[in-house]
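First the proteins, then the strands, lettered A, B, ... as listed; each starts at 1.
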2 protein chains.
Amino acid sequence: MTEKRLTLLLDFHSGLPIYTQIVNQVQSQLANGMLKPGDQLPTVRALAEELRINFNTVARAYRILDEARIISTQQGRGTYITEIPPPETTEKLRRESLAELAQRFINEALRLGCSEREISRMVRDRLGRESNRSESGQVKK
Amino acid sequence: MTEKRLTLLLDFHSGLPIYTQIVNQVQSQLANGMLKPGDQLPTVRALAEELRINFNTVARAYRILDEARIISTQQGRGTYITEIPPPETTEKLRRESLAELAQRFINEALRLGCSEREISRMVRDRLGRESNRSESGQVKK
DNA sequence: ACACAATGATACAATTAGTACAATATAAAA
DNA sequence: TTTTATATTGTACTAATTGTATCATTGTGT
């Protein structure tokens with residue numbers, strides 16, 4: 001009954017593989033509470049149709065998440081968020097995702113001709129701005 | 001989905017290399033609005049067939065445009081006009097682009113559930129790795 | 001003849017899509 | 001209740017589409 005809508009936003013020009021984007025976004029939605037243990041994810045076909053992609057691409061993302069013990073896929077039954085997401089594996093996957101994001105950002109910045117100092121400083125700047133924002137108002141619900 | 005026709009006119013007697021002609025014409029079409037950020041260019045093979053040339057020549061043109069950050073090529077996906085198109089990097093534009101990149105990166109990282117410290121540290125990590133690599137490495141064209 | 005740049009040929013890797021199948025659930029039939 | 005049929009779900013393998021890498025060939029100038 002608890003079929004999540006699982007609103008995912010794909011960027012087909014980002015250079016990030018679609019299955020990676022799905023993995024990252026499911027992971028992040030679990031991290032920030034939009035998804036909870038026990039929740040059923042859309043079927044590979046349903047999500048594929050909604051995103052206008054092939055269901056194998058969804059299946060690939062689900063398989064990665066399954067191997068990371070984030071979700072539990074069962075043939076003929078469906079796909080669910082793991083009841084007890086092993087912290088160390090979610091942690092691992094999250095760090096990997098972060099590393100991927102970071103590397104990508106850095107590469108693009110470098111190609112833009114930015115110096116490392118510039119990049120580093122910009123990140124510090126923006127991070128500081130973020131923390132100010134969250135201090136003045138809770139976004140969580 | 002919106003595959004551009006990308007009408008290119010080659011002059012095989014101009015003495016100008018074909019790949020250079022492709023580079024120039026893509027650039028000018030981007031400049032005068034015939035091409036816009038996000039547009040997908042024809043595949044190397046499709047354009048090659050249309051122009052009756054080898055697809056490696058197209059690939060070479062695309063690679064040059066990619067290095068110039070005009071377009072973004074992704075193996076297995078396709079080739080697109082870069083979303084953030086300011087290679088005309090005045091200092092100001094470059095900083096704005098960097099800010100945009102950084103903000104996007106940070107937002108995604110936060111959505112992943114990463115802490116600010118984690119994000120900051122990951123960027124430092126990766127930047128350090130990058131500088132090691134470039135010590136032995138390549139200079140821009 | 002030689003050097004070098006441009007182009008072409010071939011093999012490869014990454015991503016996504018297509019097809020057939022197996023496991024499970026659900027409902028109908030006995 | 002048990003059995004059977006059908007639909008639903010994920011899986012496995014394969015194909016198609018994309019750009020990449022490397023080397024061979026061609027052509028031009030010295």
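Atom pair A:Gln75:CD and D:dA7:C1' shows a separation of 14 Å (rounding to whole Å applied). Here the C1' atom of nucleotide D:dT22 and the CZ atom of B:Arg63 are 12 Å apart, to the nearest Å. The CZ atom of B:Arg52 sits 19 Å away from the C1' atom of C:dA9 (whole-angstrom rounding).
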Please list every donor-acceptor pair under 3.5 Å in which a side-chain atom of residues 18-28 of chain B meets a protein atom from a residue at least two apart or in another chain.
unit_1  : atom_1 : unit_2  : atom_2 : d
B:Tyr19 : OH     : B:Arg60 : NH2    : 3.3
B:Gln21 : OE1    : B:Asp11 : N      : 2.8
B:Gln21 : NE2    : B:Asp11 : O      : 2.8
B:Gln21 : NE2    : B:Ser14 : OG     : 3.2
B:Gln21 : NE2    : B:Leu16 : O      : 2.8
B:Asn24 : ND2    : B:Thr20 : O      : 3.4
B:Gln25 : OE1    : B:Leu9  : N      : 3.1
B:Gln25 : NE2    : B:Leu9  : O      : 2.5
B:Ser28 : OG     : B:Asn24 : O      : 3.3
B:Ser28 : OG     : B:Gln25 : O      : 3.0

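Atom CD of A:Gln74 has more than 12 heavy atoms from other residues, nucleotides or ligands within 6.0 Å. Residue B:Glu96 places its CD atom among more than 12 non-hydrogen atoms of other residues, nucleotides or ligands, all under 6.0 Å distant.
Between A:Arg77 and the phosphate of C:dA25, there is a side-chain N or O to OP1/OP2 separation shorter than 4.0 Å. At the phosphate of D:dT18, neither OP1 nor OP2 sits under 4.0 Å from any side-chain N or O atom of B:Thr79. Listed pair A:Thr73 / D:dT11 meets the phosphate criterion, a side-chain N or O lying under 4.0 Å from OP1 or OP2. A close approach under 4.0 Å does occur between a side-chain nitrogen or oxygen of B:Tyr19 and OP1 or OP2 of C:dA6. OP1 or OP2 of C:dA6 lies within a sub-4.0 Å distance of a side-chain N or O belonging to B:Arg60.
Note on B:Phe55: a base of the nucleic acid sits closer than 4.0 angstrom, heavy atoms only. Contacts of B:Arg45 with the nucleic acid, taken as non-hydrogen atoms under 4.0 Å apart, include base atoms.
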Inset, instruction - Sugar-phosphate means primed atoms, P, OP1 and OP2; the rest is base. With that split, encode nucleotides 24-30 of chain D 5' to 3' as B, S or - using protein heavy atoms under 4.0 Å. - result: -------
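Scanning atom types as modelled, no donor and acceptor separated by under 3.5 angstrom connect the side chain of A:Asn54 and the base of C:dT19. Taking only distance into account, the side chain of B:Asn56 never meets the base of C:dA6 through a donor-acceptor pair shorter than 3.5 Å.
Proximity of a side-chain donor or acceptor of A:Thr82 to a complementary backbone N or O of A:Arg69 within less than 3.5 Å is detected. The closest donor-acceptor contact from the side chain of B:Asp66 to the backbone of B:Thr73 lies under 3.5 Å.
In this structure, B:Arg63 pairs ionically with B:Glu67, as a charged nitrogen and a carboxylate oxygen lie closer than 4.0 Å.
Linking Ile, Leu, Val, Met, Phe, Trp and Tyr whenever their side-chain heavy atoms come within less than 4.5 Å leaves B:Leu35 and B:Tyr80 in two separate clusters.
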